[in-house]
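Accompanying notes for the structure given below.
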Amino acid sequence: MEQQTQKDVVLITGASGGIGQATAQRFALAGYPVVLHYHNNEQKAMCTAQQLEAQGCRVLLERADLRDSRQVEAMVQRIAEYWGPVEILVNNAGIAQQKLFTDITDEEWRDMFAVHVDGAFYCARAVLPSMIHRRAGCIVNISSMWGQTGGSCEVHYSAAKGALQAMTKALAKEVGPSGVRVNCVAPGVILTEMNTAMFDGETLDDLRKETPLEQLGMPQDVANMIYFLCTAEAAYITGQVIGVNGGMVI
């Protein structure tokens, strides 16, 4: 393993499971110091941290409600005091819900945007000053193919994920001259706990059949793309929405 002190500090939101957990493992096993953010699922986050530490990785657990800008700012400040400024930010935290549009409550609509959009905004705003000062940094926002095409009975989710894609493009234009890259990954149907809880086996099999590669994605498939976008090999890529969906959206 390379000297870990030479690697950038990585903050991954929603790192207790699914894509966030796989992304944390991808960076940590490559020698990066990784901050595992979580909100509610402390047990899973601690389990992931312990597994990585047992493999010699440097990890830090941070709890914050991303809907609260003060908690986000305090988290980023604690990270800076412990390891230094965040140099790679992965805005992964999210929630999902299937519901008819006319049944979505004010609170459900607001909460969907608060977690996905407000959370990404607060995190990016908190880490960008140091990135701009150093003229280096990477931000990757995790959207969804439904943010590209729209998903029936997931209008609030689709709208929030679409907003993340627009935020990515606009922010990339703004901070590109300062040496900061901003990209977005839009996963397709990935076998995470969130999706297996939302869809029964028959529905997942139907989705698999609709996918040109005739298989559903794994969290590691998305984690590998996120990791790539933060490396020197992707130095000329910014403002892009990249699908990891097995060809379902082309």
Would a distance-only check, ignoring hydrogens and angles, find a side-chain to backbone donor-acceptor pair under 3.5 Å from [X] to [Y]?
| X | Y | result |
| --- | --- | --- |
| Thr149 | Trp146 | no |
| Asp103 | Leu100 | no |
| Thr105 | Glu108 | yes |

Taking the six-membered ring for Trp, are His156 and Trp109 parallel (under 30°), tilted (30 to 60°) or perpendicular (over 60°)?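 Rings of His156 and Trp109: parallel, as their planes differ by under 30°.
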Side-chain donor-acceptor contact under 3.5 Å, Thr13 with Asn92: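 Not at all, the side chains of Thr13 and Asn92 share no donor-acceptor pair under 3.5 Å.
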Please determine, by modelled atom types, if Glu81 and Gln77 share a side-chain donor-acceptor pair under 3.5 angstrom.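 Yes, side-chain donor-acceptor contact under 3.5 Å.
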Looking at residues at least two apart in the chain, or sitting in another chain, which of them share a side-chain contact (heavy atoms from CB on, under 4.5 Å) with Ala223?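 So Ala223 forms a side-chain contact (heavy atoms from CB on, under 4.5 Å) with Ala22, Thr23, Arg26.
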Taking side-chain contact (heavy atoms from CB on, under 4.5 Å) as the test, write out the residues that go with Phe228, two or more places apart.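 Partners of Phe228 by the side-chain contact (heavy atoms from CB on, under 4.5 Å) criterion, ordered by chain and then number, come out as Met225, Thr231, Glu233, Ala234, Ile237.
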Salt bridge (Lys or Arg N to Asp or Glu O under 4.0 Å) partners for Lys173, two or more places apart: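 Counting only residues at least two positions away or on another chain, Lys173 forms no salt bridge (Lys or Arg N to Asp or Glu O under 4.0 Å).
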Under the salt bridge (Lys or Arg N to Asp or Glu O under 4.0 Å) test, which residues partner Glu42, sequence neighbours left out?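 Partners of Glu42 under the salt bridge (Lys or Arg N to Asp or Glu O under 4.0 Å) test: none.
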Using a cut-off of 6.0 Å, state whether more than 12 heavy atoms not belonging to Glu174 lie near its atom CD.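 No, not enclosed.
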Between Glu87 and Lys7, does any side-chain N to carboxylate O distance fall below 4.0 Å?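 Not counted as a salt bridge, because no side-chain N and carboxylate O are separated by less than 4.0 Å.
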If the threshold is 4.0 Å, N to carboxylate O, is there a salt bridge linking Asp118 and Arg110?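 Salt bridge present between Asp118 and Arg110.
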ring-ring contact (aromatic ring centres under 6.0 Å, His included) against His116, all qualifying residues, sequence neighbours excluded: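 So His116 forms a ring-ring contact (aromatic ring centres under 6.0 Å, His included) with Tyr157.
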Nearest atoms (heavy-atom pairs only) where Ala49 meets Leu61: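 The answer is CB-CG, 4.1 Å.
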For Leu171 and Ala124, work out which heavy atoms get closest and say how close.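 Reported closest heavy-atom pair: CD2-CB, 4.4 Å.
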Would you mind listing every salt bridge (charged side-chain N to carboxylate O under 4.0 Å, His left out) that reaches into residues 185-205, with sequence neighbours excluded?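 Found Lys44-Glu193, Asp205-Arg208, Asp205-Lys209.
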